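Since the structure comes first, as structure tokens, the remarks are kept for the end.
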Amino acid sequence: GQNIDQPTEMTATEGAIVQINCTYQTSGFNGLFWYQQHAGEAPTFLSYNVLDGLEEKGRFSSFLSRSKGYSYLLLKELQMKDSASYLCASLGGYNKLIFGAGTRLAVHP
Amino acid sequence: DGGITQSPKYLFRKEGQNVTLSCEQNLNHDAMYWYRQDPGQGLRLIYYSQIVNDFQKGDIAEGYSVSREKKESFPLTVTSAQKNPTAFYLCASSNRERTSGSYEQYFGPGTRLTVT
């Protein structure tokens with residue numbers, strides 16, 4: 001079967017660092033995406049990992065371990081505007097994305 | 001500007017009526033997708049199309065139909081057979097990025113459908 005797990009909710013303080021974990025079990029794995037989605041809006045692309053290791057892009061970094069079926073999104077220097085849902089998605093055959101339920105992050109002052 | 005448009009943003013229908021949601025892209029992408037999102041849940045794939053005049057069912061295709069007569073357009077019809085049609089519907093498109101090999105999907109702004 002295909003399954004993606006990530007925590008439902010997380011809270012963090014402005015200026016802090018938060019790590020959102022994602023584990024996946026999917027067939028025909030072609031990479032792992034992270035998207036950010038503010039309430040009522042469309043998801044926006046954050047990162048794509050296909051090889052093991054850490055990809056850094058400004059305040060956001062994403063890590064992938066293919067052997068462990070594990071990824072995380074690291075957000076540094078948190079800002080209030082980072083309050084959103086973060087969606088982990090595995091890319092399978094035919095460019096099909098399998099999404100997790102999303103992690104709702106609340107950033108407090 | 002290149003992008004994906006969906007209209008309308010909010011749509012209200014009576015139970016038993018078919019309704020068609022539009023999705024247009026000018027990104028020259030080959031592949032297009034329709035997702036459904038329910039409160040507190042992730043996106044679920046309804047239908048997808050890799051090329052014009054071809055499309056495949058996703059995980060929750062029952063009660064929906066699509067067409068792909070033009071590369072730019074991928075309309076979704078929610079039929080009266082769909083038992084719980086009220087949801088947020090998102091359209092996306094993608095192409096392989098030659099430089100990075102990424103299959104990033106670009107999303108439209110979504111249509112929130114309410115059926116009463």
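Below, read A as the first sequence line, B as the second, and so on, with proteins coming before strands; counting in each chain starts at 1. Please read these numbers as outputs of a predicted model, since none were measured by experiment. Scope of the values below: all heavy atoms of this structure, side chains included, with no hydrogens, waters or symmetry mates.
Heavy atoms closer than 4.5 Å to chain A are found in the side chain of B:Leu90, but not in its backbone. For chain A, the nearby part of B:Gln37 is the side chain; its heavy atoms alone come within less than 4.5 Å. Neither the backbone nor the side chain of A:Gln6 comes within contact range of chain B; no heavy atoms are under 4.5 Å apart. For B:Gln41, the part sitting under 4.5 Å from any heavy atom of chain A is the backbone (N, CA, C, O) and nothing else. Contact annotation for A:Leu97: both backbone and side-chain heavy atoms come within less than 4.5 Å of a heavy atom of chain B. In this structure, the portion of B:Arg112 lying under 4.5 Å from any heavy atom of chain A is its side chain and not its backbone.
Counting heavy-atom pairs closer than 4.5 Å to chain A, the top-ranked of the candidates B:Gln105, B:Gln6, B:Gln50 is B:Gln105. Of all the listed residues (A:Gly31, A:Pro43, A:Ala42), the one sharing the greatest number of non-hydrogen pairs under 4.5 Å with chain B is A:Pro43.
With contacts defined as side-chain heavy-atom distances shorter than 4.5 Å, the pair A:Phe60/A:Asp82 qualifies. At least one side-chain heavy atom of B:Arg44 sits less than 4.5 Å from a side-chain heavy atom of B:Asp38.
B:Thr20 pairs with exactly one of B:Thr77, B:Thr79, B:Leu76, B:Leu11 by the side-chain contact (heavy atoms from CB on, under 4.5 Å) rule, that one being B:Thr77.
A donor-acceptor pair is defined here as one N or O able to donate and one able to accept, closer than 3.5 Å; no such pair exists between the side chain of A:Trp34 and the backbone of A:Ser61.
Looking at B:Asp30 and B:Lys71, a side-chain N of the basic residue comes within less than 4.0 Å of a carboxylate O on the acidic one, giving a salt bridge.
Distance check: B:Lys57 NZ to B:Ile46 CD1 gives 13.0 Å after rounding to the nearest 0.5 Å.
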